[in-house]
Amino acid sequence: MHLFGRFVLAASVVFTLATGAASAQEKLRLGTEGAYPPFNYANADGTLGGFDIDLGKALCTEMKVECEFAVQDFDGSIPALQAGKFDAIINITITPERAQKVEFTHKYYQTPPAIAVPKDSTIAGTSPDDLKGKVLGVQSATIHQNFAEQKYKGSTVKAYPTGDDARTDMANGRLDAMMDGSIILTEWLKKPDGACCKLLGTLTADPAIHGPGVGIALQKGNKDLADRFNAAIDALRANGKYKEINDKYFAFDVYGS
């Protein structure tokens with residue numbers, strides 16, 4: 001999960017996914033961080049790309065609506081949704097605490113948490129005892145921050161506006177480790193800017209903190225739209241479109257068990 005200002009997006013990225021009366025009848029505003037590759041990111045030309053964006057477009061096509069994507073800093077996502085800036089926010093981990101504030105779809109993917117460290121690190125394992133006395137980076141306002149602060153009390157937990165900021169600090173020697181989703185870290189380690197580091201290991205998710213997976217957040221009480229998104233997610237899983245998008249980004253089924 002870059003600050004909003006790092007992406008020069010003068011206007012929302014708009015695409016039309018339906019024609020005729022259906023698109024004229026309804027337009028949905030979808031918020032995304034735009035800084036969480038490979039799920040969502042800004043391309044060099046300012047357009048948005050990634051698994052979330054492709055899936056969002058497919059969901060809107062399935063629902064026969066017109067959709068508009070816009071970047072929103074992750075830590076302000078739920079307040080922006082509550083204020084009516086968006087109809088939905090893509091890529092929000094479903095938790096009981098958040099479910100008190102927003103309506104959720106069911107999950108559309110699931111990934112375990114993991115810890116990465118510099119390649120020359122002497123940290124032997126991923127347990128709280130292994131990380132005791134170490135500086136552990138996380139992205140602010142995420143389940144990873146909650147998990148680290150609750151379970152790794154012997155570590156200094158340092159929160160960053162984006163995951164990229166945390167990874168940059170670790171690459172520059174200012175962190176002993178960082179916690180994020182296993183897919184995010186694995187994909188980063190494949191790139192040149194991740195050459196500094198290695199995956200220390202995955203963690204066992206705590207259902208009370210990590211919830212059942214990642215979903216789409218809607219304004220509280222909007223069960224009708226949640227049901228429509230759920231039906232669209234199920235349809236894409238059934239008709240092969242989900243797999244087509246999945247295989248563009250991953251070599252495994254990111255939906256999870």
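- The environment of NZ in Lys220 is crowded: more than 12 heavy-atom neighbours from other residues, nucleotides or ligands sit within 6.0 Å.
- With respect to the salt-bridge test (charged N to carboxylate O, under 4.0 angstrom), the residues Arg167 and Asp164 qualify.
- Contact between Ala114 and Leu199 at its shortest, heavy atoms only, is CB-CD1, 3.9 Å.
- When the side chain to side chain donor-acceptor pair (under 3.5 Å) test is applied to Glu244, the partners found at least two apart in sequence or on another chain are Lys241.
- We find the NE2-CG distance between His210 and Leu203 to be 7.0 Å, quoted to the nearest 0.5 Å.
- Interatomic distance, Leu175 CG to Thr156 OG1, rounded to the nearest 0.5 Å: 10.5 Å.
- Asn91 pairs with exactly one of Thr32, Asn40, Ile216, Leu55 by the side-chain contact (heavy atoms from CB on, under 4.5 Å) rule, that one being Asn40.
- Annotation: side-chain contact (heavy atoms from CB on, under 4.5 Å) contacts of Ala195 (sequence neighbours excluded): none.
- Taking the six-membered ring for Trp and the full ring otherwise, the centers of Phe250 and Phe39 sit less than 6.0 Å from each other.
- The shortest side-chain heavy-atom distance between Leu28 and Leu225 falls under the 4.5 Å cut-off.
- The number of heavy atoms from other shown groups lying within 6.0 Å of CD (Glu97) does not exceed 12.
- Donor-acceptor pairing under 3.5 Å is recorded for the side chains of Asp52 and Tyr108.
- Looking only at side-chain heavy atoms (C-beta outward), Met178 and Leu185 come within less than 4.5 Å of each other.
- Here the straight-line distance linking atom NE2 of His144 with atom CD1 of Ile184 works out to 8.0 Å at 0.5 Å rounding.
- For residues 145-162, every residue pair satisfying the salt bridge (charged side-chain N to carboxylate O under 4.0 Å, His left out) rule, not counting sequence neighbours, is listed here: Lys151-Asp206, Lys158-Asp169.
- At least one donor-acceptor pair under 3.5 Å links the side chain of Gln110 to the backbone N or O of Pro212.
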- Item | Residue pair Thr47, Asp45: steps toward the side chain to side chain donor-acceptor pair (under 3.5 Å) verdict | CA-CA 6 Å; Thr47 59; Asp45 62 359; 2.6 Å; yes
